[in-house]
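A short worksheet on the structure shown next.
Both ligands and their constituent atoms are indexed starting at 1 by order of listing. The first residue of the sequence shown is numbered 1, and numbering continues consecutively from there. Here the structure is a predicted model, which means the values were calculated and not measured.
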Amino acid sequence: MDKETFRKYGYEFVDWIADYFENVRQYPVRSTASPGDVKSQLPVHPPEEGEDMSAIWKDFNKIILPGMTHWQHPGWFAYFPANNSPASVLGEMLTAGLGAQCMSWETSPAATELEEVVMDWLRQMIGLPEGFRGVIQDTASTATLTALLTAREVATGFSCNEKGLYRYQGNSEIRTPRPGAENVPGEETATGHYQKEENHHELQGQFPAEQSHGERPGAGRVLRVYASSEAHSSIEKGVKIAGYGRENLCYIPTDENYAMRADNLEQAIKKDLEAGLKPACVIATIGTTSSTAVDPLPEIGRICRKYSLWLHVDAAMAGTAAILEEKRDMLKGAEFIDSLVFNPHKWMLTNFDCSAYFVSNPEHLIRTMSINPEYLKTSRDKQVNNYRDWGIQLGRRFRALKLWFVIRQYGVNGLKEMVRNHISMAQWFAGRVNDSRGFELMAPVNASLVCFRWNDGKTADKELDSINRLLLAKINESGEVYLTHTTLSGRYTLRLSVGQRTTEKADVERAWEIIKAARDSP
Ligand code: PLP
């Protein structure tokens, strides 16, 4: 592509994004595509010859856009947000333009030093004690896996990395067949597009939970990890990948507000110690996915200190709320934390991906992750931070740039204002639910998520589940809003999560109208 064509499309795309920001509400929030709709329009084989950008751009609009769900839509109330902002998109554009791979200080000193600075800004913003040091990870899942690996090493005197896992199950390789291996992949249709019906996704999440082929105890004690029964699935995934074994993730019961019961945690640790197991790590959640429940950090922290356990905090969504003085209590007990993650890519206007991971002592992390082959050594290694030693991957994107743009362009006060507005909109909505006969709140509103359901007070729970499932489907049919669900105490629960940059009070009011209309429609 010559410079002039690049310029032409560059301007055109920026214009398009600017219009998209303004007009995103014209699209249905959730894509109306059916499975296979997009793929069936795409050629099976890559083009032999380069194509003109005008053709690619045309197909973006015709094929890709209708298959997109619009996370930046003001009617986005699903899951948690993944919001962006003009400042972050501009920063991301420069990152892509620079195209640097920022694994070491020397491979781009500005990337490393800016990351150190913006992470320290974030530390100050959420009120973590001095001495905590930060690194940007791609996601909270990766950060939590990193914490679990570090906790494993700390609990075993850094010997798992050297000698392998102490105790493991299974003495024969277990491989499940590659899903769909028997099919001819990507069979061509007469039009040269992918067949629509090709489908082997039913296997996802269907692998058997246990495939025990007999135990082979190693030299060490079995390591145990503790998290509340409301903890995010990334914890279970991390426990599996880090070699603890899923059965060594001990789920601690929660109280009536879905927060971990610290007394039950201590009992579980004591029981494991008596059984000869080795408690290694506790993961506390500040803002659970289902209901933004807040685990009692000071109590959990004291228990971790007493038994010398690693304390990791998953504050993926709600960590951002700690920038508000009135929400600082969420991180009370921070002095006990060994590691913490929260996601600026959720609720801090920094487009995906950008996850902030903090450790109270980087030495443990670096010792766990560091590998120093000759070809990566530089003359500055003793003077600088090489962030490649702070995580799993070697290659690193320059993510600090977009975060720097965002924090500078909004200022801490601008970010606070957005978070406060979202919380107040959620409170307003919770008030409507509370005041209305036929709806009920299902959990306390700790940040900007409201959990609720329809309940006339006369219908049995099981039937309420089906009614609320239908209600959610009707609400989402509107195309104006998108809500998702969870279960709380086994009851089907609707979630309205406020956190999109463009959402205004009128959008939450409209959501309430749509919800009431869906309830009243036959
Ligand atoms: N932890 C919590 C509490 C979450 O709510 C989520 C996602 O919503 C995650 C972890 C996973 O975040 P990520 O997609 O950054 O891995």
Side-chain angles (χ1 to χ4, degrees), residues 69 71 76-84 88 122 126 134-149 225-242 249 251-252 254 257-260 281-295 297 300 311-322 327 330-331 337 339-358 391-393 397 399 402-403 422 426 443 445-451 482-488 493 495-500:
T69 286
W71 287 68
W76 182 270
F77 300 112
Y79 306 104
F80 281 138
N83 55 26
N84 68 10
S88 118
L122 283 185
I126 62 169
V135 54
I136 301 179
Q137 306 273 355
D138 54 6
T139 58
S141 305
T142 303
T144 292
L145 172 59
T146 304
L148 283 162
L149 291 167
V225 177
Y226 309 84
S228 96
S229 50
E230 290 290 316
H232 188 260
S233 58
S234 56
I235 284 136
E236 184 178 326
K237 199 186 247 187
V239 162
K240 285 185 349 178
I241 299 170
L249 172 56
Y251 283 117
I252 307 298
T254 55
N257 292 328
Y258 303 104
M260 187 195 285
C281 178
V282 176
I283 300 182
T285 308
I286 301 300
T288 57
T289 312
S290 281
S291 71
T292 49
V294 176
D295 289 345
L297 208 47
I300 294 172
L311 174 56
H312 174 62
V313 172
D314 175 2
M317 169 71 183
T320 298
K327 290 285 173 192
M330 279 184 163
L331 292 183
I337 296 173
S339 56
L340 173 142
V341 61
F342 88 96
N343 282 349
H345 72 221
K346 278 188 162 53
W347 200 13
M348 209 185 258
L349 300 174
T350 310
N351 64 282
F352 195 86
D353 52 2
C354 183
S355 211
Y357 181 58
F358 291 96
I392 293 163
Q393 67 200 76
R397 301 182 61 233
R399 296 189 186 91
K402 61 187 172 187
L403 188 53
H422 287 154
V445 181
N446 291 325
S448 63
L449 171 68
V450 185
C451 293
Y482 181 22
L483 279 68
T484 49
H485 78 282
T486 187
T487 53
L488 288 171
T493 299
R495 293 167 78 264
L496 180 125
S497 155
V498 187
Q500 173 39 237

Notebook entry, point to check: Is the CZ atom of Phe352 crowded by more than 12 outside heavy atoms at less than 6.0 Å?
Noted result: yes
Checking side chain to side chain contact (heavy atoms under 4.5 Å, CB included) for the pair Leu449/Met317: CA distance, chi angles, key distance, verdict?
CA-CA 10 Å; Leu449 171 68; Met317 169 71 183; over 6 Å; no
Residue set satisfying side chain to side chain donor-acceptor pair (under 3.5 Å) with Lys346, at least two apart, ordered chain then number -> none
I'd like to know if Arg397 pairs up with Asp353 as an ion pair, taking the criterion as any Lys NZ or Arg NE/NH1/NH2 lying under 4.0 Å from an Asp or Glu carboxylate oxygen. yes
Per the under 4.0 Å non-hydrogen criterion, ligand 1 touches Phe80, Thr139, Ala140, Ser141, His232, Ser234, Gly287, Thr289, Asp314, Ala316, Asn343, His345, Lys346
Contacts of Thr285 meeting side chain to side chain donor-acceptor pair (under 3.5 Å) (sequence neighbours excluded), chain-then-number -> none
Residues at least two apart in sequence or cross-chain that pass side chain to side chain contact (heavy atoms under 4.5 Å, CB included) with Ala140, listed by chain then number, are Ala316, Val341, Asn343, Ser355
